[in-house]
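Heads up: the structure comes next, in structure tokens.
Proteins come first, then strands; the chains are lettered A, B, ... in the order of their sequence lines, and each starts at number 1.
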There are 2 protein chains.
Amino acid sequence: MPRWEHGSEERLKQAALELFQEQGFEDTSAVQIAERARVTTRTFFRYFRDKEEVLFADADALKETLVHDLLQAADVSEPLRAVTRTLAGFDWGRLGSRESQHRRNAMIAANPRLLERELVKQHQVADGLGDALRRRGIDPDVAELAAGAGVQVFRTAYQRWLAGDDDTDLTTMIETVLSSLAVLVPGARSRPG
Amino acid sequence: MPRWEHGSEERLKQAALELFQEQGFEDTSAVQIAERARVTTRTFFRYFRDKEEVLFADADALKETLVHDLLQAADVSEPLRAVTRTLAGFDWGRLGSRESQHRRNAMIAANPRLLERELVKQHQVADGLGDALRRRGIDPDVAELAAGAGVQVFRTAYQRWLAGDDDTDLTTMIETVLSSLAVLVPGARSRPG
DNA sequence: ACAGTGATGTCGCGTCGTGACATCAGCTGG
DNA sequence: CCAGCTGATGTCACGACGCGACATCACTGT
């Protein structure tokens, strides 16, 4: 097998993000992206299902990583904590600076179609984590709920971290949000210390 | 203001559901739907944003109802229970027989685009319920988590009810799932009785 | 030199969704 | 009864989307 340059995908992604930044997502067409990357429109759609998918190119790999981490986790006797620990353990800086993640987030929030896609990706992560928990021997219903709630907790913490009013660590943020979940559950008592 | 027949919307909806049933969602075009309803394609898109939206025509009204119910709820001191009670209190039979809801569900599950839309609608319901809780004086973070978790619980219960292996009541199903959530939270003890 | 393979280009097509304007029915005041 | 208004629908044109089918070109190993 030849060592293809595989330059197109990266160039397309780069071109798309630039154009989204310059003129917004809606007002950027696949044709424009392809032109800037010096390929055909057809080629664009070979690499990306649709325009939306460019912004979520890493999501699938991210999911795989998280699932892998959870499968390797030392202790899953408390499923919800195992999930949040897994999410907290990931190096989110790999996805770019907080500033750039913030811009990406704003763009997604501003566009219904992008918001849909984001929810799907999060849902898929939750699904994957739930499946991982089941493979670790957790009861199916509990696994699903733990994964869902865990992702929910993370989402809240992540949004707060993105807002960046204070400089709290993402891990700490997750812990804070998680602890507030305890008061939700009937019969729960707040954690000591 | 004239008493318009307003027949088009209902006819379009009817035609669309028939065609989806007959030949699947993907293989049905807006043109076909419009033809069967004896209107123009343009008219179809005046009533529905897109093909997907036909299957979620009632979702917005449903959300409003649920939000209204939660705002009127007697007791929200336990936010999560308030949410699940609200969801359990709704008359889901209004959305059609369990059989027809099951078919609708299968169709959605089989199509990525429809799945996206469904997640969005559920998310909007959770958003609305979270907002309602906030207006009832619940702490914002707790409100968001309670709404999210509540919808999550409901979704699990609903799926199980749809599957219909046993003939358990939806309300009972919700209660069952909810009780299993308790074991998730660190420091929680299971409910007595 | 040759055939094989994978990325890309080319062409054509049906669908999607919308803006702009025309039309037609019914109602409303004179 | 006419004129004018209003809201639903039709008509037309258009750009964007996404994909199937096939051609082409670069590079590979033998």
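Contact annotation: A:Ser8 reaches the phosphate of C:dT8 (side-chain N/O to OP1 or OP2, under 4.0 Å). At D:dG18, one or more side-chain N or O atoms of B:Arg113 fall inside 4.0 Å of OP1 or OP2 (strictly under the cut-off). Using a 4.0 Å cut-off, some side-chain N or O of A:Tyr47 falls inside it from OP1 or OP2 of C:dT8. The side chain of B:Thr43 contributes an N or O atom lying less than 4.0 Å from OP1 or OP2 of D:dG10.
If you take CZ on B:Phe90 and CG on B:Leu170, they are separated by 11.0 Å, rounding to the nearest 0.5 Å.
Atom CG of B:Leu12 is separated from atom C1' of D:dA8 by 12 Å (rounded to the nearest Å). C:dA7 atom P lies 18 Å from atom CZ of A:Phe44, rounded to whole Å. Spacing between atom CZ of A:Phe25 and atom P of D:dC17 amounts to 8 Å, rounded to whole angstrom units. Atom P of nucleotide D:dG15 and atom CD of A:Gln32 are separated by 14 Å, given to the nearest angstrom. Going from atom CZ of A:Phe45 over to atom P of C:dC11 covers 18 Å, rounded to whole Å. To the nearest angstrom, P of C:dT8 lies 13 Å from CD of A:Glu10.
Below the 3.5 angstrom threshold, one finds a donor paired with an acceptor across the side chain of A:Arg46 and the base of C:dG9. Counting atom types as modelled, B:Arg42 pairs a side-chain N or O with a base atom of C:dG19 as donor and acceptor under 3.5 Å.
Among the atoms of the strands shown, only primed sugar atoms or phosphate atoms (P, OP1, OP2) are found under 4.0 Å from some heavy atom of A:Ser29.
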Enumerate, atom names and distances included, each donor-acceptor pair closer than 3.5 Å involving a side-chain atom of residues 104-115 of chain A, sequence neighbours excluded.
residue  : atom : partner  : partner atom : Å
A:Arg104 : NE   : A:Leu55  : O            : 3.2
A:Arg104 : NH2  : A:Leu55  : O            : 2.9
A:Asn111 : OD1  : A:Arg113 : N            : 2.9
A:Asn111 : OD1  : A:Leu114 : N            : 3.2
A:Asn111 : ND2  : A:Glu26  : OE1          : 3.4
A:Asn111 : ND2  : A:Glu26  : OE2          : 3.4

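Taking for each of B:Thr40 and A:Thr41 the nucleotide of DNA chain D with the nearest heavy atom, the 5'-most of the two is the partner of B:Thr40.
The closest side-chain donor-acceptor pair between A:Gln101 and A:Tyr158 falls under 3.5 angstrom.
Ring pair B:Trp92/B:Phe154: centre-to-centre distance below 6.0 Å.
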